[in-house]
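So the structure is just underneath, and the comments pick up after that.
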Protein chains: 2
Amino acid sequence: MKLTEARQQFISNWGAFGTHWGINRTMAQIHALLMISPDALSQDDIMAELNISRGNANMNIRELINWGLVERVIVAGERKEFFSAEKDIWKVVRQIVKERKKRELEPMLQLLDKLENTEGDKKDKHMKAFLDTVGSIKKLSKQADKTLDTMIKAEESWFVGNLLKLFK
Amino acid sequence: MKLTEARQQFISNWGAFGTHWGINRTMAQIHALLMISPDALSQDDIMAELNISRGNANMNIRELINWGLVERVIVAGERKEFFSAEKDIWKVVRQIVKERKKRELEPMLQLLDKLENTEGDKKDKHMKAFLDTVGSIKKLSKQADKTLDTMIKAEESWFVGNLLKLFK
DNA sequence: TTAAACTTTCAAATATTTTTGAAAGTTCGG
DNA sequence: CCGAACTTTCAAAAATATTTGAAAGTTTAA
């Protein structure tokens, strides 16, 4: 396969992949494009490569910056802004874990805390089933929360070298 | 908060949560409902509780069964089918991990293998950036694949007890 | 074998999300 | 300042995903 085709496949699959993870297609595609680009790209470059509108490009680049996956780059002698993506994939993974934890796991834990205090007859089977489920989800979520915190601080070498052995 | 309201909140939040994870709202809501129900429910019960149509209920229950999260239950003396969800949340998590790995990680690995063989001048900076990125994603994905395999086989006690310590 | 009870399907309708692009806003060199 | 270069916004349009419900299919008790 030629580079041009391979690049297209990578971008398009990364986009499809993103949609299974609550990330929109364009945002994932821009990310993919920047990850495989040796140099920073301007918004116009991105629009041209991916065939998307100015508004779409702008909004999704901004979102990638919010997620900490892309940064603005100043190119000497150029008026416009350029963008480049973090290339260290382990950093990317940690950054995504960190953001999703903040956006999803933490609110979920808050909800579970609140739901655990539901009032009612603890002998009633509906009450019991509810509290059991909420309680066990909370327990697991708390554990996941702590584990992810530690993972966010870990080095790639840990992941690549040590985790597997532990499981065995 | 009263049980009725708490149940509704749980169901509705579990549904919203699901949408961030590529699971549709109704499917997640049915799952939530079944998890907090002391007894198995019929399709009509589910339709009534969640206010959804027959077709929608049927399709999403089927999908939950495909995912291995819900099972059909025979209730003595009843003609219709009943459904119940796995209550052991650790089993639920492992099951979800297993399915997503199969559906997403494995196809991704196949793609990366293919893309790694892209032909071209390895001195060209576009080529180099592409191969570097693809290569490092592949490396990490392979590691994740193995790690998840081991996790799928692990006991809850492992997760709750041991993982955290290792990270430190 | 029949018909009532129940389940599944799927085309059309609805809802949700994403994208567009033109207009408004901002920045900066001169 | 001015105006060209550039960025951001957002209402409307398009694309995508989900839901409906009636019709077709299946199962079972008698």
Side-chain angles (χ1 to χ4, degrees), chain A residues 11-34 40-67 70-84 100 103-104, chain B residues 11-34 40-67 70-84 100 103-104:
Chain A
I11 290 169
S12 125
N13 279 278
W14 199 255
F17 199 65
T19 62
H20 292 297
W21 288 89
I23 289 162
N24 93 40
R25 190 185 312 280
T26 304
M27 181 171 155
Q29 287 187 349
I30 295 175
H31 185 225
L33 172 62
L34 289 174
L41 301 182
S42 70
Q43 182 168 301
D44 289 85
D45 295 334
I46 293 169
M47 285 163 59
E49 285 264 15
L50 301 180
N51 235 282
I52 58 176
S53 70
R54 184 166 299 285
N56 196 10
N58 188 274
M59 162 181 272
N60 284 294
I61 291 169
R62 179 151 31 86
E63 194 63 6
L64 283 164
I65 293 173
N66 285 341
W67 274 75
V70 162
E71 57 176 27
R72 290 174 210 275
V73 168
I74 305 299
V75 173
E78 286 274 9
R79 177 81 179 271
K80 65 178 119 172
E81 295 181 326
F82 286 76
F83 303 95
S84 81
R100 298 201 71 159
R103 293 164 195 229
E104 293 161 34
Chain B
I11 291 169
S12 124
N13 279 278
W14 198 254
F17 198 65
T19 61
H20 293 294
W21 288 88
I23 289 161
N24 94 39
R25 190 185 309 282
T26 304
M27 183 171 154
Q29 288 186 349
I30 294 174
H31 185 225
L33 172 62
L34 289 173
L41 301 182
S42 70
Q43 181 168 301
D44 290 85
D45 295 334
I46 292 168
M47 286 163 59
E49 285 263 16
L50 301 179
N51 236 283
I52 57 175
S53 71
R54 184 167 300 285
N56 195 10
N58 189 274
M59 161 181 274
N60 283 295
I61 290 169
R62 180 149 34 83
E63 194 63 7
L64 283 164
I65 293 173
N66 285 343
W67 275 73
V70 162
E71 58 176 26
R72 289 174 212 275
V73 168
I74 305 299
V75 172
E78 287 273 8
R79 178 80 177 272
K80 64 177 119 170
E81 295 181 327
F82 287 76
F83 304 94
S84 80
R100 299 201 72 158
R103 294 164 194 228
E104 294 161 34

- Item | Interatomic distance, Asp45(A) CG vs dC6(D) P [rounded to whole Å] | 12 Å
- For atom CZ of Phe82(A) and atom P of dT7(D), their distance in whole Å: 9 Å
- Task: Just compare dT7(C), dT19(D), dT19(C) and give me whichever is closest to any side-chain atom of Asn56(A).
- Result: dT19(C)
- Task: Round to the nearest Å and state the distance from Gln43(B) atom CD to dA5(C) atom C1'.
- Result: 13 Å
- Measure from the side-chain heavy atoms of Arg62(A) and tell me the nearest of dT8(D), dT18(C), dG21(C). dT8(D)
- In whole Å, what is the span from the CD1 atom of Ile30(A) to the C1' atom of dT19(C)? 12 Å
- Message: If you only use heavy atoms from C-beta on, which nucleotide in dT19(C), dT19(D), dT8(D) is closest to the side chain of Met59(A)?
- Response: dT19(C)
- Distance-minimising heavy-atom pair for Ala57(A) and Ile30(A): O-CD1, 4.2 Å
- Quick one: which of dT20(D), dT9(D), dC28(C) gets closest to the side chain of Arg79(A)? dC28(C)
- Message: Using the side-chain heavy atoms of Asn24(A), tell me which of these nucleotides is nearest: dT7(C), dT7(D), dT19(C).
- Response: dT19(C)
- Given dT8(D), dT19(C), dT19(D), the nucleotide with the shortest approach to the side chain of Ser53(A): dT19(C)
- Message: Could you measure the distance from the NE2 atom of His31(B) to the CD atom of Glu63(B)? Nearest 0.5 Å is fine.
- Response: 13.0 Å
- Query: In Å and rounded to the nearest 0.5 Å, what is the OG to CZ distance from Ser42(A) to Arg79(A)?
  - Reply: 14.0 Å
- Ile52(A), nearest nucleotide to its side chain (from dT17(C), dT19(C), dT20(C)): dT20(C)
- Item | Separation of atom CG in Asn60(B) from atom P in dA17(D), rounded to whole Å | 15 Å
- Message: On DNA chain D, compare the nucleotides closest to Glu78(A) and Thr19(A); which residue's is nearer the 5' end?
- Response: Glu78(A)
- Item | Any Thr26(B) side-chain N or O less than 4.0 Å from OP1/OP2 of dT19(D) | yes
- Query: Of all the nucleotides listed (dT7(D), dT8(C), dT19(C)), which has the minimum atom distance to the side chain of Asn58(B)?
  - Reply: dT8(C)
- Rounded to the nearest Å, what distance is computed from the CE atom of residue Met47(A) to the P atom of nucleotide dC6(D)? 13 Å
- Query: For the pair made of CZ in Arg54(B) and C1' in dA24(D), what is the distance, rounded to whole Å?
  - Reply: 14 Å
- What is the distance, rounded to the nearest whole Å, between atom CG of Leu41(A) and atom P of dC6(D)? 16 Å
- Message: Within the 4.5 Å heavy-atom criterion, are Met47(A) and Arg54(A) side-chain neighbours or not?
- Response: yes
- Grab the two heavy atoms, one from Arg100(B) and one from Trp21(A), that are nearest each other, plus how far apart they are. NH2-CE2, 3.8 Å
- Taking for each residue the nucleotide of DNA chain D with the nearest heavy atom, is it Glu81(A) or Asn51(B) whose nucleotide lies nearer the 5' end? Glu81(A)
